[in-house]
Amino acid sequence: MVKLNASLAEERMKETFENWITADSITEIAEMGFNSIRVPVGYWNLIEDPYERYAPRDYRVSLQYIDWLFDSAAENGLSVLLDLHGAPGSQNGIDHSGCAMSPEWTNERNVNLTLDAIKAMAIRYGSRSNLLGIELLNEPSESIERTDHDLLLKFYSESYGIIRQYSDTALVVFNELYEEFYSAWKDSLVEPDYYNVVVDWHLYNWQEPYTSETADEHIRDAENWASLIDSYSADHPIIIGEWTMSTGTVVQAGQPFVDACLKSFAHSFGWYAWNWKVERTTGFDEWDVQYQNQLPGGISIV
């Protein structure tokens with residue numbers, strides 16, 4: 001949209017910032033019983049974007065809203081996990097990284113820009129009493145994991161060093177999306193050289209090859225996550241940074257599936273549901289925590 005109509009993109013983003021998440025939203029999250037929020041941000045929200053690809057163009061506008069979010073969260077007893085969801089050049093080529101494009105994160109310029117974004121978060125929010133941690137990179141692609149693991153590890157190590165300059169206590173979180181690579185991190189980023197390092201898993205059951213499963217199969221998958229978490233927790237504490245109440249387009253397993261998820265996630269360091277709020281009428285009711293909370297007989301997540 002920025003390329004098509006930059007002024008309209010700015011206008012739409014301003015409206016979203018002002019109305020999508022409000023003070024009432026933060027209060028409702030706390031009243032439901034949550035104690036932390038994971039906040040996805042793009043690098044363009046933190047530093048100047050040399051590619052001029054996103055809105056708002058002026059990153060200082062975004063910082064004002066992130067500041068507000070920290071203040072509002074603190075007033076409601078909520079901690080904040082800052083999650084770098086969109087990196088320069090895109091770390092996975094998917095729209096939720098900022099733009100659907102051929103991923104170019106691994107080039108030197110983009111990695112250095114990402115380190116700049118990490119530093120910007122650490123400088124501005126490292127002393128915040130309700131900063132839980134900083135997540136370094138959301139869902140790096142399978143190809144990066146497979147062919148550029150050393151680059152990813154170097155980036156994580158350098159990011160850790162940057163964050164520790166500004167916070168002795170913040171969690172430093174790295175994300176492993178692919179189960180086949182869980183074991184690749186066994187001897188990396190561990191004590192005594194690194195501390196308060198946590199791995200983030202995203203456990204979903206809506207996509208292939210799970211979509212066509214029966215409700216009972218979905219529930220069994222969720223139950224099996226407990227032993228999976230146990231088997232890797234000795235390497236790093238594990239948070240479930242994303243999961244959803246949805247089990248896809250064939251069958252919704254509903255409350256029994258959610259109950260099984262929560263029982264398994266009790267074996268982890270903690271969890272965040274994706275997502276608090278979804279545009280109504282889009283057909284994603286089971287992804288919408290707020291809607292389910294307000295819906296009579298809706299799915300209970302806490």
Side-chain angles (χ1 to χ4, degrees), residues 1-6 9 12-13 16 38-57 59 62 81-118 120-121 134-159 173-182 184-185 188 199-211 240-244 246 248-249 272 274-275 278-279 282 284 287:
M1 181 179 284
V2 172
K3 287 185 176 181
L4 294 174
N5 191 324
R12 294 275 179 88
M13 189 56 66
T16 299
R38 179 174 178 258
V39 181
V41 296
Y43 74 93
W44 61 92
N45 301 128
L46 304 163
I47 60 173
E48 187 174 351
D49 177 17
Y51 302 114
E52 298 186 341
R53 189 170 280 148
Y54 302 105
R57 184 66 56 82
Y59 70 93
S62 302
L81 173 60
L82 284 176
D83 154 43
L84 188 61
H85 218 78
S90 177
Q91 70 275 20
N92 52 40
I94 304 174
D95 53 4
H96 58 65
S97 70
C99 188
M101 57 183 287
S102 176
E104 300 172 350
W105 178 78
T106 55
N107 77 50
E108 184 177 4
R109 183 192 192 195
N110 287 331
V111 173
N112 288 335
L113 283 170
T114 311
L115 291 169
D116 290 344
I118 296 294
M121 284 191 282
I134 294 176
E135 184 157 0
L136 307 178
L137 194 63
N138 181 71
E139 297 187 354
S141 70
E142 184 177 6
S143 63
I144 292 176
E145 297 276 12
R146 190 174 302 282
T147 63
D148 289 291
H149 179 85
D150 289 346
L151 173 63
L152 199 56
L153 176 58
K154 182 175 183 288
F155 164 71
Y156 289 160
S157 179
E158 291 181 6
S159 296
V173 182
F174 71 96
N175 178 209
E176 182 50 73
L177 182 61
Y178 304 97
E179 185 176 344
E180 65 179 297
F181 298 117
Y182 285 173
W185 300 98
S188 300
V199 62
D200 170 15
W201 290 359
H202 296 172
L203 296 181
Y204 286 113
N205 212 241
W206 63 268
Q207 75 279 29
E208 293 294 351
Y210 311 109
T211 301
I240 311 306
E242 292 184 21
W243 70 284
T244 179
S246 175
T249 58
Y272 295 87
W274 189 277
N275 200 4
V278 177
E279 287 278 5
T282 56
F284 285 84
W287 292 74

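Just so it is clear, the structure is predicted and the values come from calculations on it, not from any experiment.
- Panel note: side chain Ser97, backbone Gly86; no donor-acceptor pair is recorded below 3.5 Å.
- When all heavy atoms of Val278 and Thr282 are compared, the closest pair comes out as CG1-OG1, 3.5 Å.
- Scanning all heavy atoms of the two residues, the minimum distance from Met101 to Ser90 falls at CG-CB, 3.8 Å.
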**OP:** Tell me, with the steps shown, if Trp287 and Asn275 meet side-chain contact (heavy atoms from CB on, under 4.5 Å).
**Re:** CA-CA 6 Å; Trp287 292 74; Asn275 200 4; 5.6 Å; no
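- The distance from the CD atom of Glu145 to the CG atom of Leu151 is 11.0 Å, given to the nearest 0.5 Å.
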Original post:
Step by step, would you call Trp105 with Thr114 a side chain to side chain donor-acceptor pair (under 3.5 Å)?
Top reply: CA-CA 9 Å; Trp105 178 78; Thr114 311; 2.9 Å; yes
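- Counting heavy atoms from C-beta on, the side chains of Phe181 and Arg146 come closer than 4.5 Å.
- More than 12 heavy atoms of other shown residues, nucleotides or ligands fall within 6.0 angstrom of atom CD in Glu208.
- Between atom CZ of residue Phe155 and atom CD of residue Gln91 there is a gap of 9.0 Å, rounded to the nearest 0.5 Å.
- When all heavy atoms of Ile47 and Ala120 are compared, the pair lying nearest together is CG2-CB, 3.9 Å.
- The structure places CH2 of Trp44 at 9.0 Å from OG of Ser62, a figure rounded to the nearest 0.5 Å.
- Cation-pi geometry between Arg109 and Tyr51 is met: under 6.0 angstrom from the ring centre, within 45 degrees of the axis.
- For Glu48, the CD atom counts as loosely surrounded, since its 6.0 Å shell holds 12 or fewer non-hydrogen atoms of other residues, nucleotides or ligands.
- Residues Tyr178 and Pro140 approach most closely at CE1-O, 3.6 Å, considering heavy atoms.
- Although no hydrogens or angles enter the test, the distance criterion places a donor-acceptor pair under 3.5 Å between the side chain of Thr16 and the main chain of Arg12.
- Between the side chain of Asn175 and the main chain of Asn138, no donor-acceptor pair closer than 3.5 Å is present.
- Rounding to the nearest 0.5 Å places OG of Ser159 at 9.5 Å from CG of Leu152.
- The main-chain N or O of Pro88 is never found under 3.5 Å from a side-chain atom of Glu104 such that the two would form a donor-acceptor pair.
- Distance alone, capped at 3.5 Å, places no donor-acceptor pair between the Asp83 side chain and the Glu135 backbone.
- Screening Leu177, Ile144, Asp200 against Glu139 for a side-chain contact (heavy atoms from CB on, under 4.5 Å) leaves a single residue, Leu177.
- The minimum heavy-atom distance between Trp206 and Ser246, with the atom names listed, is CB-O, 3.8 Å.
- Between the side chain of Glu52 and the backbone N or O of Arg57 there is no donor-acceptor pair closer than 3.5 Å.
- The shortest distance between side-chain heavy atoms of Tyr204 and Tyr210 does not fall below 4.5 Å.
- Under the 4.5 Å side-chain criterion, counting only non-hydrogen atoms from C-beta, Arg38 is in contact with Trp274.
- Here CE of Met121 is found 10.0 Å from CG of Asn45. Values are rounded to the nearest 0.5 Å.
- Close placement of the Tyr156 and Trp185 rings is indicated, their centers lying within 6.0 Å of each other.
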**OP:** For the pair Thr147 and Thr106, evaluate side-chain contact (heavy atoms from CB on, under 4.5 Å) and give the outcome as yes or no after the intermediate values.
**Re:** CA-CA 11 Å; Thr147 63; Thr106 55; over 6 Å; no
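- Between the side chains of Tyr59 and Asp49, no donor-acceptor pair is found at a separation under 3.5 Å.
- Rounded to the nearest 0.5 angstrom, Leu82 CG and Ile118 CD1 are separated by 9.5 Å.
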